[in-house]
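Count residues from 1 along the sequence.
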Amino acid sequence: MGVAMNAESLTPLNLGRLGFGAAGIGNLYRSIPDGEALATVLAAWDAGIRYFDTAPHYGLGLSEQRLGAVLRDKPRDEFVISTKVGRLLEPNNAGGQDPEGFDVPASTRRVWDFSDAGIRRSIEDSLERLGLDHVDIAYLHDPDVHDLQAGISQALPVLEKLRSEGLIKAIGVGINSAEAALECVEAADLDLVMLAGRYTLLEQPSVPLLERCVERRTGVVSVGAFNSGLLARAEVPDDAHYNYDRAPKALVERARHLATVCRDFGVELPTAALQFPLRHPAVVNVTAGASAPEQVATNAARMEETVPDELWEALEASGRD
């Protein structure tokens with residue numbers, strides 16, 4: 001269920017152990033006031049977090065705007081920021097609210113575009129929303145959702161070109177499928193893979209993705225460490241979510257078993273869940289989302305807690321049962 005952590009980083013960028021995922025401040029599932037969103041980003045900064053991840057997809061650009069409103073006043077050489085390409089935002093006259101989970105007006109719509117011109121425009125648009133002169137990392141967003149082969153043959157070579165031109169420092173894919181991520185790692189010279197929910201305390205990929213990342217010196221940024229909420233609380237409720245839907249009973253029971261093992265060692269389940277991915281030498285950072293300052297503070301505190309080696313051994317043994 002994990003191996004001893006290797007301190008050697010696979011990326012030249014200093015991401016730190018914990019990153020801030022900015023989907024929540026894009027009004028994911030619910031609207032939050034500007035003041036609360038900005039306070040959440042400031043709480044991340046005050047907690048020592050210096051890696052921030054966003055995307056045009058998050059709130060139809062709202063996440064980028066809010067993140068930039070805070071970070072543009074910070075010393076640019078003190079933080080790392082990533083955004084994503086693959087979806088352009090085009091004007092939308094249909095009105096209504098965004099149909100893709102963000103509580104924002106649908107004044108624009110997402111249009112898939114993996115072309116050279118589209119990716120370059122995506123980065124330019126993101127920089128305008130952020131109010132910054134450059135981003136450090138550009139991820140191809142959800143190629144497995146749209147067209148994986150087009151992502152590999154069209155979009156990733158564009159990102160490689162942008163890196164060689166010095167427009168961005170690092171490139172990668174932001175993806176939900178370990179199998180698709182492995183195809184991308186084999187096909188391109190990627191610096192990073194942002195892997196969502198597929199290397200967690202609850203589940204690990206059946207394909208040798210992380211091993212190949214170590215061999216190819218591609219760092220893994222682990223997101224979704226709580227598996228959409230299933231591992232987010234010390235006591236797992238009946239209505240816990242997994243993969244953005246109601247968790248099946250068997251997974252709820254599995255999570256409760258993990259929580260019990262953690263409790264035996266004086267550790268809460270979310271603390272173990274947050275720290276677990278870093279035990280693999282491929283994983284260079286765990287990025288966690290937050291939509292309120294207290295969530296950031298809690299995540300930062302959990303990442304600093306001491307977890308005894310005996311707990312990891314017990315969890316590994318429980319996975320073999």
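- Between the side chain of T260 and the backbone N or O of R256 there is at least one donor-acceptor pair closer than 3.5 Å.
- The nearest pair of heavy atoms linking G151 to P157 is O-CD, 4.5 Å.
- When each of L88, V158, L156 is checked for a side-chain contact (heavy atoms from CB on, under 4.5 Å) with I119, only V158 meets the rule.
- At least one donor-acceptor pair closer than 3.5 Å links the side chain of D136 to the backbone N or O of I81.
- Between H57 and H141, the ring planes are perpendicular. Angles over 60° get that label, and only those under 30° would be called parallel.
- With R233 contributing its side chain and L269 its backbone, the two residues share no donor-acceptor pair below 3.5 Å.
- Looking only at side-chain heavy atoms (C-beta outward), L38 and E36 stay at 4.5 Å or farther from each other.
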Task: Intermediate values then yes/no, salt bridge (Lys or Arg N to Asp or Glu O under 4.0 Å), D103 and R30 - done: CA-CA 5 Å; D103 190 2; R30 66 183 183 93; over 6 Å; no
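- Counting heavy atoms from C-beta outward, T287 and F20 have side chains that stay 4.5 Å or more apart.
- Just one of V221, V173, I175, L190 meets the side-chain contact (heavy atoms from CB on, under 4.5 Å) condition when paired with Y139; it is V221.
- Put simply, the side chain of N27 gets close to the backbone of I32: a donor and an acceptor are under 3.5 Å apart.
- A distance-only check finds a donor-acceptor pair linking the side chain of D147 to the backbone of A150 [under 3.5 Å].
- Annotation: side chain of L15 is in contact with side chain of I137 (closest heavy-atom distance under 4.5 Å).
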Task: Intermediate values then yes/no, side chain to side chain contact (heavy atoms under 4.5 Å, CB included), D53 and K84 - done: CA-CA 9 Å; D53 175 69; K84 304 183 182 76; 2.6 Å; yes
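- With no hydrogens or angles considered, no side-chain donor-acceptor pair links R110 and N92 at under 3.5 Å.
- Residues T83 and P56 approach most closely at OG1-CD, 3.6 Å, considering heavy atoms.
- When all heavy atoms of L18 and I49 are compared, the closest pair comes out as O-CG2, 3.7 Å.
- A salt bridge does not link R50 with D77: every distance from a Lys NZ or Arg NE/NH1/NH2 to an Asp or Glu carboxylate oxygen is 4.0 Å or more.
- Using modelled atom types and a 3.5 Å distance limit, the side chains of Y51 and S82 yield a donor-acceptor pair.
- In this structure, the side chain of N243 does not engage the main chain of D245 through any donor-acceptor pair within 3.5 Å.
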Open item on the list: I'd like to know whether R279 forms a salt bridge (Lys or Arg N to Asp or Glu O under 4.0 Å) with E316, so could you lay out the CA-CA distance, the side-chain angles of the two residues, the decisive distance to 0.1 Å, and finally the verdict.
Closed with: CA-CA 12 Å; R279 289 181 54 73; E316 186 166 356; 5.6 Å; no
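- Counting only heavy atoms from C-beta outward, the side chains of S122 and D125 never approach each other to under 4.5 Å.
- For E179 and R198, the salt-bridge test fails: no basic side-chain N is under 4.0 Å from an acidic carboxylate O.
- If you check the side chains of E64 and S126, you find a donor sitting under 3.5 Å from an acceptor.
- In this structure, the side chain of R254 does not engage the main chain of L202 through any donor-acceptor pair within 3.5 Å.
- The ring pair (Phe, Tyr, Trp, His ring centres under 6.0 Å) check on H146 picks up W112, F114, with sequence neighbours excluded.
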TODO: Start with the C-alpha gap between Q154 and Q149, add the side-chain angles, then the distance that decides, and say whether side chain to side chain donor-acceptor pair (under 3.5 Å) holds.
DONE: CA-CA 8 Å; Q154 298 174 26; Q149 295 312 311; over 6 Å; no
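- Between the OG atom of S31 and the CZ atom of F102 there is a distance of 13.0 Å, given to the nearest 0.5 Å.
- Looking at R129, its side chain never comes within 3.5 Å of a backbone N or O of Q65 through a donor-acceptor pair.
- Residues F276 and Y199 bring their aromatic ring centres within 6.0 Å.
- Using a cutoff of 4.0 Å between basic side-chain nitrogens and carboxylate oxygens, E90 and R121 are scored as salt-bridged.
- Taking 4.0 Å as the cut-off between side-chain N and carboxylate O, R109 and D98 do not count as a salt-bridged pair.
- Residues V111 and L89 do not share a hydrophobic cluster, clusters being chains of Ile/Leu/Val/Met/Phe/Trp/Tyr side chains in contact below 4.5 Å.
- The line from CG of L192 to CE of M194 is 8.0 Å long, rounded to the nearest 0.5 Å.
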- [ ] Take V252 and L230 through the test side chain to side chain contact (heavy atoms under 4.5 Å, CB included) and record every step on the way to the result.
- [x] CA-CA 7 Å; V252 170; L230 183 56; 4.3 Å; yes
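- Here the closest heavy-atom approach between residue N227 and residue G197 is recorded as ND2-O, 3.2 Å.
- For the pair L278/R17, a side-chain contact is recorded, criterion being any heavy-atom separation below 4.5 Å from C-beta on.
- In summary, R217 and D191 do not engage in a salt bridge, as defined by a charged side-chain N under 4.0 Å from a carboxylate O.
- Although no hydrogens or angles enter the test, the distance criterion places a donor-acceptor pair under 3.5 Å between the side chain of S63 and the main chain of A22.
- Heavy-atom contacts from other residues, nucleotides or ligands closer than 6.0 Å to CG of N14 number 12 or fewer.
- To the nearest 0.5 angstrom, T200 atom OG1 is 11.0 Å from F226 atom CZ.
- Note that the CD atom of Q275 and the OG1 atom of T271 stand 7.0 Å from one another [nearest 0.5 Å].
- With a 4.5 Å cut-off on side-chain heavy atoms, K161 and D116 count as touching.
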Task: Test side chain to side chain contact (heavy atoms under 4.5 Å, CB included) applied to V193 and C184, step by step - done: CA-CA 9 Å; V193 169; C184 294; over 6 Å; no
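- Ion pairing between D189 and R163 holds under the 4.0 Å rule for side-chain N and carboxylate O.
- Checked for salt-bridge contact, R87 and D113 miss the test: no charged N lies under 4.0 Å from a carboxylate O.
- In this structure, the separation between CG on L315 and CZ on F265 is 8.0 Å, given to the nearest 0.5 Å.
- One finds a salt bridge joining E268 and R302 here, because a Lys/Arg side-chain nitrogen approaches an Asp/Glu carboxylate oxygen to under 4.0 Å.
- In summary, the side chains of Y58 and E100 do not present any donor paired with an acceptor at a separation below 3.5 Å, with no hydrogens or angles considered.
- Nearest heavy atoms, A196 versus N176: CB-OD1, 3.4 Å.
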Open item on the list: salt bridge (Lys or Arg N to Asp or Glu O under 4.0 Å), that's the test. Do R246 and D239 meet it? Break it down for me.
Closed with: CA-CA 6 Å; R246 184 77 174 261; D239 62 350; 5.9 Å; no
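- Using a 4.5 Å heavy-atom cutoff, the side chains of L127 and V135 are in contact.
- Between E165 and R120 a salt bridge is recorded (basic side-chain N to carboxylate O distance below 4.0 Å).
- In plain terms, the two heavy atoms of P105 and L60 that are nearest each other are O-CD1, 3.7 Å.
- By the 4.5 Å heavy-atom criterion applied to side chains, L162 and I171 are not counted as neighbours.
- To the nearest 0.5 angstrom, L67 atom CG is 8.0 Å from F79 atom CZ.
- Counting non-hydrogen atoms of other residues, nucleotides and ligands closer than 6.0 Å to CD of E128 gives a total of 12 or fewer.
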